[in-house]
Amino acid sequence: MSRFAHPAGDRHAEMLPQERPPLAPADLNRINPAIWPRTSTRTEGALTVGGVDVRDLARDHGTPLYVIDEDDVRSRMRDYATAFAGSEVHYAGKAFLCKEIVRWLQAEGLGLDVASAGELAVALSVGFPAERITMHGNNKSVAELTRALEAGVGHIVVDSYDEIARLGFLAEQHGKRPKVMIRVTTGVEAHTHEFIATAHDDQKFGLSLNTGAAAEAVRRILALPQLELVGLHSHIGSQIVDTAGFEVAARRLTALLVQIKDEHGVVLPELDLGGGYGIAYVEGDEAPDIKELADGLREIVSKVCVDAGLPVPRLTVEPGRTVVGPGGVTLYEVGTIKDVEGLRTYVSVNGGMSDNVRTALYGAEYTAVLASRASEAEPMLSRLVGKHCESGDIIVRDLHLPADLAPGDLIAVAATGAYCRSLASNYNYLPRPAVVAVSGGVSRVIVQGETEDDLLRGQL
Ligand SMILES: *Cc1c(COP(=O)(O)O)cnc(C)c1O
């Protein structure tokens, strides 16, 4: 894999998209249950999610609109809690965080990872227990660390020597003794099927195993009695569909655990293997089964620790995308349709890179359908684009839509629950869309859409 290849972009790297238009699906109306939210179906031709017709959603809440299938997301949270019983599951809040998601996490028994004071504030605002929160980040400010200490978060994952010194000072000042883990760069980088297990040290995250920085961090933390070192952390990539990369990472981390035991006589009780499990965005994508993943990861951790003569540490995993990704759908209205003679048809919708930047950012792939009605028209090779002033403002690069598509039709894009709202912007002064949760035939707003007043707020 190229050093520059991006996780989700690899599949586009070999050939220009124009040279490989996707095969037209036999049935453009199909809602593939492997890709769409668990409750989605077509009723009288129109897509329904959580028992709510998308035409009603558009009428009641407007478009673009982020739609979250509450039953889908909560059942995935429960699946994780059940499959990893005895271990810790911390949802990675950066995938999508709002007060209601935090309430669901609490109800379903999951912990939470935050990566800023803002994410921490969302969790604390609805009374999420601080001891079930882990604070991450490669450049946590003094204010953020102070906030985390005052709140009493369960773990802080330290990422640099500077931070060890900073946190040591603050902990002493506040009379606290936080539990800390060290973010270790194991040299394993994994995306989808491939992983590379070399010395991938050239990145901003973590302390390198290879260069000895991680072992030095252990020394520095153990020298500070106000910090309680409890374990090692590693996060190896994204959209990973098998456990091979985790096995190499676990083996390398365990070797460090042995070294720590030999050098300091300390046996660290916790191991955090991060997240990064894949979901299905397009036809043919694989998504690991949560139960199999849990069994696989636990087996790996016990095996490598037993081999190394260490007690099996408490395992923590940090899924983000797999929890909220599949349950999310974005609804748009078609505005203009432009046929570029001999090439393809550009279908423009009323959102774009401001509500879903993943395609523009790293060539992500998505599935989209005509959602407001079924159609028997011929497939039309299309590109689904937004309304922004960038030609890279693409939502789905290559797809087939029915040839009778018309302005006013609704388009739904699948699997947008993760890293869409959380990466949204106000580019071109577009208000960020509302997020509605749907369940049992009812829709309710969980994050309000922005208004023109919101866009102008704060300007002097
Ligand atoms: C992003 C991130 C995750 C979650 O990754 P997903 O691909 O969404 O599962 C977990 N842990 C850490 C430290 C992360 O940075």
Side-chain angles (χ1 to χ4, degrees), residues 6-9 73 76-77 79-80 83-84 87-97 101 105 110-116 119-120 132-140 148 153-160 163 180-186 188-193 195 200 203-207 214 231-243 245-246 249-250 253 270-281 285-290 293-294 297 315-328 357-358 361-362 364 415-423:
H6 192 281
V73 171
R76 286 175 208 274
M77 290 177 177
D79 289 350
Y80 265 104
F84 281 93
S87 303
E88 290 292 323
V89 181
H90 278 227
Y91 168 67
K94 70 176 196 257
F96 172 55
L97 196 66
I101 291 283
L105 290 170
L110 267 58
L112 173 67
D113 278 7
V114 299
S116 70
E119 291 183 0
L120 179 60
R132 311 208 44 213
I133 298 175
T134 297
M135 179 97 174
H136 282 276
N138 68 301
N139 186 20
K140 307 176 198 73
V153 301
H155 293 80
I156 297 174
V157 178
V158 297
D159 197 289
S160 65
E163 191 186 4
V180 302
M181 301 184 105
I182 298 171
R183 173 139 182 179
V184 179
T185 313
T186 57
V188 179
E189 202 199 345
H191 306 295
T192 313
H193 281 288
F195 72 91
H200 183 78
Q203 57 154 316
K204 73 171 185 172
F205 288 112
L207 288 144
L232 304 178
H233 174 280
S234 125
H235 175 70
I236 61 173
S238 63
Q239 271 298 98
I240 305 166
V241 296
D242 58 36
T243 54
F246 292 102
L253 290 171
E270 298 185 34
L271 194 66
D272 188 331
L273 288 182
Y277 323 122
I279 65 168
Y281 284 103
D285 275 357
E286 281 175 66
D289 174 76
I290 295 172
L293 181 76
L297 289 182
L315 173 67
T316 300
V317 291
E318 305 176 318
R321 186 191 316 270
T322 41
V323 176
V324 291
V357 76
R358 294 185 67 253
L361 193 60
Y362 43 64
T416 59
Y419 303 110
C420 288
R421 180 57 174 77
S422 60
L423 282 166

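Hydrogens, waters and symmetry mates are skipped; everything else that's a heavy atom, side chains included, is used. Atoms within a ligand are numbered from 1 in the order they appear, just like the ligands themselves. Keep in mind it's a predicted model, so treat the numbers as computed, not measured.
Close to ligand 1: Gly276, with a non-hydrogen atom less than 4.0 angstrom away. Ligand 1 lies out of reach of Phe205, whose nearest heavy atom is not under 4.0 Å from it. Heavy atoms of His233 come nearer than 4.0 angstrom to ligand 1 in at least one pair.
Salt bridge status for Lys94 with Glu119: absent, with no side-chain N to carboxylate O gap under 4.0 Å.
If you look at His235 and His136, their ring centroids are not closer than 6.0 Å.
Of the protein's non-hydrogen atoms, the one nearest atom 2 (C) of ligand 1 is Lys94 NZ, 2.2 Å. Scanning the protein for heavy atoms near atom 8 (O) of ligand 1, the closest one is Tyr419 OH, 2.5 Å.
A donor-acceptor pair shorter than 3.5 Å can be found between the side chains of Arg358 and Tyr362.
Ring geometry for His90 versus His155: interplanar angle over 60°, hence perpendicular rather than tilted (30 to 60°).
None of Asn138, Ile156, Val157 except one satisfies the side chain to side chain contact (heavy atoms under 4.5 Å, CB included) rule with Glu163; the exception is Ile156.
Heavy atoms only, all atoms of each residue included: Phe246 and Ile236 are closest at N-CD1, 3.6 Å.
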For this session: Check step by step if side chain to side chain donor-acceptor pair (under 3.5 Å) holds for Tyr281 and Arg321.
Result: CA-CA 11 Å; Tyr281 284 103; Arg321 186 191 316 270; 2.8 Å; yes
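The ligand atoms of ligand 1 that sit less than 4.0 angstrom from a heavy atom of His136 are 13 (C). Interface atoms of ligand 1 facing Arg183, defined by a heavy-atom separation under 4.0 Å, are 13 (C). Each of the atoms 3 (C), 4 (C), 10 (C) of ligand 1 lies under 4.0 Å from some heavy atom of Ala92.
In this comparison of Glu318, Arg321, Gln239, the heavy atom closest to atom 13 (C) of ligand 1 sits on Glu318.
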